[in-house]
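Following: one structure in structure tokens, then a few remarks.
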Amino acid sequence: MVGREKELKIRFMPGQCELVEEDVDIPNRRVLITGATGLLGRAVYKEFNENNWHAVGCGYSRARPKFERINLLNSVEVHDIIQDFQPHVIVHCAAERRPDVVESQADAVSQLNVTASGNLAKEAAGVGAFLIYISTDYVFDGTNPPYKESDAPNPLNLYGKTKLEGEKAVLENNEGAAVLRIPILYGEVENLEESAVTVMFDKVQFSNKSANMDHWQQRFPTNIKDVACVCRQLSEKRMLDPSIKGTFHWSGNEQMTKYEMACAIADAFNLPSSHLRPITDSPVVGALRPRNAQLDCSKLEMLGIGQRTPFRVGIRESLWPFLVDKRWRQTVFH
Ligand SMILES: NC(=O)c1ccc[n+]([C@@H]2O[C@H](COP(=O)([O-])OP(=O)(O)OC[C@H]3O[C@@H](n4cnc5c(N)ncnc54)[C@H](OP(=O)(O)O)[C@@H]3O)[C@@H](O)[C@H]2O)c1
């Protein structure tokens, strides 16, 4: 599965250096990842790159120097990179998912989450690439879990609505594409605010202040590395079996409210949790949320696809760089 290409390298010798052309192995399975600068996209890029795929990542404001800078709203840029790279697989992670931005800039968000997704799907079909569109459990209203792929969606908020419209735009423009719905994500973050799970860490760590935590909405925190692995496994299965297409669900299987996640985080770092206060009322501020949008993952499991990292293991791995009390670093990790 590898081809050979020439690459220019600088060779250093005592007193001089020279430019030499060397043979390098390039895997001949090609994958293009949108949103490769984001939380999930970074993990997807790494997963493919480390498993004998030639991966090219696209970002936007954070793209340089590692990734290609492509504005997905610019159809010429999208057309050109797909024609140049001729990917076998495209994993479409880019989207706007911040609730405040979604609510305040509805038209711009719809351009990215819906119109650009449909356009990408059309371009993917043009080169015969398998497109995986990443969607969300927020397409369901959360009143009748667990949800199978065939269950009727009914998103409660604008984010869920744009992601569902994105699913439709993708499948209308590319009948061989896949939609992968996933729930709340956590994993290696650049800053704690990047994930709705890791953002709780400071409230957990600073135990001198009591903190209210939602204990109403049932969540299934899912590790980005596990989703990335599912994307790769799905792509590899599809390369052997073209009948693999349509909608799929993947999720962690530990049901927790945010309060329970915060307690589990405290437990993972041997920190106190008595300052955390469970709030059992349904939230009155912000966008409406589904009470329990649990995803039934049996369709992927039947294909032999899946990976689940226990929450306590994954969260410790993700959060230890942000631990304020260095004594715990020494006792827990060294
Ligand atoms: N995070 C969750 O808990 C969660 C849960 C369920 C589903 N999902 C879905 O999972 C996917 C990945 O989410 P994420 O959390 O990784 O998102 P994220 O961290 O917010 O990353 C968003 C990505 O989109 C890129 N982007 C934004 N505008 C763009 C444009 N005009 N052109 C090209 N790229 C653009 C960003 O690039 P720059 O940063 O370089 O500008 C960034 O790489 C999304 O489809 C989301 O709906 C996420």
Side-chain angles (χ1 to χ4, degrees), residues 32-47 57-78 81-82 90-102 105 107-117 119-120 131-140 155 157-167 169-170 178-200 217 219-228 230-231 248-252 258 261 289-290 293-295 318:
L32 188 78
I33 296 136
T34 73
T37 46
L39 176 66
L40 177 62
R42 293 194 301 267
V44 171
Y45 175 83
K46 199 163 174 224
E47 171 73 22
C58 303
Y60 187 42
S61 59
R62 294 178 280 172
R64 298 292 187 205
K66 189 174 175 187
F67 298 118
E68 298 295 317
R69 187 179 191 279
I70 301 290
N71 181 1
L72 290 172
L73 304 180
N74 183 329
S75 52
V76 177
E77 287 182 20
V78 173
I81 191 159
I82 290 177
I90 300 174
V91 186
H92 180 31
C93 301
E96 183 51 74
R97 58 153 173 99
R98 291 166 295 175
D100 50 332
V101 179
V102 173
Q105 298 173 34
D107 287 347
V109 171
S110 173
Q111 286 291 310
L112 180 63
N113 291 3
V114 185
T115 314
S117 299
N119 179 51
L120 188 70
L131 178 82
I132 303 178
Y133 168 81
I134 304 293
S135 190
T136 168
D137 59 344
Y138 272 34
V139 299
F140 294 113
N157 58 37
L158 195 52
Y159 168 66
K161 284 178 187 149
T162 64
K163 292 298 290 185
L164 180 61
E165 282 174 33
E167 290 185 6
V170 163
V179 166
L180 179 63
R181 296 184 183 136
I182 52 172
I184 186 170
L185 297 174
Y186 75 94
E188 199 176 292
V189 284
E190 288 179 345
N191 55 66
L192 290 174
E193 290 70 34
E194 227 185 347
S195 145
V197 179
T198 58
V199 73
M200 294 189 285
Q217 191 181 9
R219 316 298 296 266
F220 293 82
T222 298
N223 195 304
I224 50 174
K225 280 190 192 170
D226 295 344
V227 177
V230 164
C231 289
F248 298 92
H249 289 171
W250 190 253
S251 167
K258 283 204 173 167
M261 285 183 232
R289 282 139 206 257
Q294 180 180 9
L295 299 171
S318 314

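In listed order, ligands and their atoms are each counted from 1.
- At a heavy-atom cutoff of 4.0 Å, ligand 1 is contacted by no atom of Y133, backbone or side chain.
- The one candidate from E167, K163, R181 that meets the side-chain contact (heavy atoms from CB on, under 4.5 Å) condition with T136 is K163.
- Residue-ligand proximity, S135 to ligand 1, at heavy-atom distances under 4.0 Å covers atoms 7 (C).
- If you look at A116 next to ligand 1, there are no close heavy atoms at all, none under 4.0 Å.
- Residue-level proximity to ligand 1 for I70 is carried by the backbone, the only part with a heavy atom below 4.0 angstrom.
- Only the side chain of R97 comes within contact range of ligand 1, with a heavy atom under 4.0 Å; no backbone atom does.
- For ligand 1 and Y159, the ligand atoms under 4.0 Å from any heavy atom of the residue are 7 (C), 8 (N), 9 (C), 46 (C), 47 (O).
- Of the heavy atoms in H92, none comes closer than 4.0 Å to ligand 1.
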ring-ring contact (aromatic ring centres under 6.0 Å, His included) assessment of F140 paired with H249
CA-CA 12 Å; F140 294 113; H249 289 171; 5.8 Å; yes
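- Residue-level proximity to ligand 1 for S195 is absent, since no heavy atom of it falls below 4.0 angstrom.
- Across V109, T34, L112, heavy-atom proximity to atom 27 (C) of ligand 1 is greatest for L112.
- Heavy atoms from other residues, nucleotides or ligands lying under 6.0 Å from CZ of R98 number 12 at most.
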